[in-house]
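Worksheet for the structure shown next.
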There are 2 protein chains.
Amino acid sequence: MIRVALVEDDDKIRNNLIDMLENSHDFRCVAAYSNAEETLRDISNKLPDIILMDINLPGIDGIECTQKLKTTMPELLIVMLTVYEDANKIFRSLQAGAVGYLLKLTPNHEILSALNDVSKGGSPMSAQIARKVIQSFHQPQKEKENSKVRLTNREEEILDLLSKGFLYKEIAAELSISHDTVHNHLRKIYEKLQVHSRTEAVVKYLKE
Amino acid sequence: MIRVALVEDDDKIRNNLIDMLENSHDFRCVAAYSNAEETLRDISNKLPDIILMDINLPGIDGIECTQKLKTTMPELLIVMLTVYEDANKIFRSLQAGAVGYLLKLTPNHEILSALNDVSKGGSPMSAQIARKVIQSFHQPQKEKENSKVRLTNREEEILDLLSKGFLYKEIAAELSISHDTVHNHLRKIYEKLQVHSRTEAVVKYLKE
DNA sequence: CCTCTATTTACCCAAACGGGCTATTGAAAT
DNA sequence: ATTTCAATAGCCCGTTTGGGTAAATAGAGG
């Protein structure tokens, strides 16, 4: 029997996963947590072989949690199970030590076979996810090295003003350019930082 | 002749103030800066008696600038001249060492008479501003001590999610409450933090 | 018992934002 | 000479946000 633990804050999804595991022949659900903090505190009492980890958790997120878990229990196999299909989250998860990355819309039987893969030393991920991972190797080495994407001077300038809470039109006034140009720079910035809002961009920026 | 310096990022307003000073009998404008950084660098060459300081400056804001100026030139008289009528900014300004607090809508002749007051040892401020200052002495000491406003647990929880870039509706889903409730908590948070947008709130929050 | 606060929900509305698209200019690189 | 790219500007459109206003409930503290 392979010991599996869950970290998932949505009650319904968590209970579905528990059912799935308990109705299987090969797996046992030895723990189910709703947040990262509890997981980090309690996991050493349960010693699962595999963890199915949600990314979007209240407080410490699944990626950070993965990182912390791997430092204390490096043999633990962690599989991300999440709604995000975004390249950045995938890479950060894998870098944090996850061995697999599944989307939440994956049918139960595929999740189970993925868990089997994992226990056999595989790394399950959907074809779309795999493609994104593969593509990362096609990127010229240059870009991989400084994974901290390079913003142009103008973009940094705008991001800085953004982080001070200025509106588009205030930034435009400040820099004597049009509202639309600010808008355009912001799009490029969001694309480069892999985010979709002011807040996310500013948070990344402030963490330098 | 009383030597006055200006710190104001808006060209039009700054030039209006220069005109006002130059057309007066008692004052000379010895410097006019558009930002705090330049002011801090250059002010020791100009040695004004009084500074009229805007709060909303790009980069270092007027309050921080006031603080820094007072450490190196404690005899300098600084008068805030700003659009903000909010209690928090007023107190922080006065604590930083400002001796007066005027609103930008104050007519020129009143600004001049305020400058006269200042040079005579007075502290000019409008009746509304004065009221807010007075009221601060009526507040129980408790609240004055921890000026770092207290957010409720719920509010912190929501602010935390906000800082992770979640949308209102995502926060609502996360906490199993309605979109409107999230909206309302955010209003309270903004009010307590004296901000007017996600970005500003998150920046304050991340700076702990 | 009454008041105050925290938490919750709701409706309205204007401003701000995010993304899809296209396009011009000038500089730098190939 | 041609291509690439940063910077500029614009239009369209749906979504998100912020603020006004109102109100109900439950718990704490007088």
Side-chain angles (χ1 to χ4, degrees), chain A residues 58 83-88 139-140 142-143 146 149-205, chain B residues 56 83-88 135 138-140 142-143 146 149-205:
Chain A
V83 293
Y84 302 107
E85 208 170 337
D86 117 16
N88 205 293
Q139 288 175 23
K142 273 185 188 175
E143 310 218 346
N146 52 337
V149 276
R150 265 196 294 270
L151 297 183
T152 67
N153 291 340
R154 200 52 154 175
E155 285 163 354
E156 274 217 54
E157 198 173 6
I158 287 174
L159 184 49
D160 187 67
L161 292 170
L162 195 79
S163 76
K164 297 196 166 60
F166 290 104
L167 306 179
Y168 285 15
K169 62 179 178 188
E170 289 172 337
I171 296 174
E174 190 69 30
L175 300 178
S176 303
I177 57 180
S178 87
H179 165 277
D180 284 309
T181 302
V182 175
H183 186 182
N184 259 322
H185 283 300
L186 263 309
R187 294 183 225 222
K188 288 234 184 71
I189 292 170
Y190 290 176
E191 197 188 337
K192 287 184 179 180
L193 298 185
Q194 293 281 347
V195 299
H196 306 281
S197 72
R198 297 174 66 101
T199 307
E200 291 177 301
V202 167
V203 168
K204 282 211 175 183
Y205 174 66
Chain B
N56 181 20
V83 293
Y84 303 108
E85 207 169 338
D86 96 37
N88 204 292
Q135 282 174 338
H138 295 332
Q139 286 175 25
K142 271 186 188 176
E143 310 219 345
N146 53 338
V149 277
R150 261 195 294 273
L151 298 183
T152 66
N153 291 339
R154 199 52 154 177
E155 285 163 355
E156 274 217 55
E157 197 174 6
I158 287 174
L159 183 50
D160 186 68
L161 292 169
L162 195 78
S163 76
K164 296 198 167 58
F166 290 105
L167 305 179
Y168 286 15
K169 60 180 179 188
E170 289 172 336
I171 296 175
E174 191 69 29
L175 301 179
S176 304
I177 56 180
S178 88
H179 166 276
D180 283 310
T181 303
V182 174
H183 185 183
N184 246 323
H185 283 301
L186 263 308
R187 294 184 224 220
K188 289 237 183 68
I189 291 171
Y190 289 176
E191 197 189 334
K192 287 184 179 179
L193 298 184
Q194 292 284 343
V195 299
H196 305 281
S197 72
R198 296 174 66 101
T199 307
E200 292 177 300
V202 167
V203 169
K204 281 211 176 184
Y205 174 66

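The shown structure was predicted, so the numbers you read here are calculated from the model rather than taken from an experiment.
- One distance of note links NE2 of A/His185 with CG of A/Leu175; it measures 8.0 Å at 0.5 Å rounding.
- Note: CD1 (A/Ile189) to C1' (C/dG19) measures 15 Å, nearest angstrom.
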Fill in the blank from the handout: In 5'-to-3' order, the base (B), backbone-only (S) or no-contact (-) status of each nucleotide in nucleotides 25-30 of chain D, using a 4.0 angstrom heavy-atom cut-off, is ------

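- By the side-chain hydrogen bond (donor to acceptor under 3.5 Å, both in side chains) test, A/Thr181 is found to be paired with A/Ser178, residues two or more places apart in sequence or in another chain being considered.
- Residues passing the side chain to side chain contact (heavy atoms under 4.5 Å, CB included) test with B/Glu200 are B/Val195, B/His196, B/Ser197, sequence neighbours excluded.
- No donor-acceptor pair closer than 3.5 Å links the side chain of B/Lys188 to the backbone N or O of B/Glu155.
- Here CD1 of B/Ile177 is found 10.0 Å from CG of B/Asn184. Values are rounded to the nearest 0.5 Å.
- Helix bend of the helix from C/dC1-D/dG30 to C/dT30-D/dA1: the angle between its two end axes, each built from five pairs, comes to 50° after rounding to 10°.
- Between B/Val182 and B/Leu186 the shortest side-chain heavy-atom distance falls below 4.5 Å.
- The one candidate from A/Leu159, A/Thr152, A/Leu162 that meets the side-chain contact (heavy atoms from CB on, under 4.5 Å) condition with A/Ile189 is A/Leu159.
- A search for ring-ring contact (aromatic ring centres under 6.0 Å, His included) contacts involving B/Tyr190 returns nothing, not counting sequence neighbours.
- By the salt bridge (charged side-chain N to carboxylate O under 4.0 Å, His left out) test, A/Glu156 pairs with no residue at all, sequence neighbours left out.
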Shorter than 3.5 Å, N or O on both sides, protein versus nucleotides 16-20 of chain D: list them out with atom names.
| residue | atom | partner | partner atom | Å |
| --- | --- | --- | --- | --- |
| D/dT16 | OP1 | B/Lys169 | NZ | 3.0 |
| D/dT16 | OP2 | B/Lys169 | NZ | 3.2 |
| D/dT17 | OP1 | B/Arg198 | NH1 | 2.5 |
| D/dT17 | OP2 | B/Tyr168 | N | 3.0 |
| D/dG18 | OP1 | B/Tyr190 | OH | 3.3 |
| D/dG18 | OP1 | B/Arg198 | N | 2.6 |
| D/dG18 | OP2 | B/Tyr168 | OH | 2.4 |
| D/dG18 | OP2 | B/Tyr190 | OH | 2.7 |
| D/dG18 | N7 | B/His183 | NE2 | 3.1 |
| D/dG19 | OP1 | B/His196 | ND1 | 3.1 |
| D/dG19 | N7 | B/His183 | NE2 | 2.8 |
| D/dG19 | N7 | B/Arg187 | NH1 | 3.4 |
| D/dG20 | N7 | B/Arg187 | NH1 | 2.4 |
| D/dG20 | O6 | B/Arg187 | NH1 | 3.1 |
| D/dG20 | O6 | B/Arg187 | NH2 | 2.6 |

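- Distance CG (A/Asp180) to C1' (D/dG10): 5 Å, rounded to an integer number of Å.
- Evaluation of the side-chain hydrogen bond (donor to acceptor under 3.5 Å, both in side chains) rule for B/Thr199 yields A/Arg198 as partners, not counting sequence neighbours.
- The minimum heavy-atom distance between B/Asp160 and B/Tyr205, with the atom names listed, is OD1-OH, 2.9 Å.
- With sequence neighbours excluded, no residue satisfies side-chain hydrogen bond (donor to acceptor under 3.5 Å, both in side chains) with A/Glu170.
- By the side-chain hydrogen bond (donor to acceptor under 3.5 Å, both in side chains) test, A/Glu157 pairs with A/Arg154, sequence neighbours left out.
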Atom pairs under 3.5 Å, N or O on each side, protein against nucleotides 6-8 of chain D: can you list them with distances?
| residue | atom | partner | partner atom | Å |
| --- | --- | --- | --- | --- |
| D/dA7 | OP2 | A/Thr152 | OG1 | 2.4 |
| D/dT8 | OP1 | A/Arg154 | NE | 3.2 |
| D/dT8 | OP1 | A/Arg154 | NH2 | 2.8 |
| D/dT8 | OP2 | A/Arg154 | NE | 3.2 |
| D/dT8 | OP2 | A/His185 | NE2 | 2.6 |

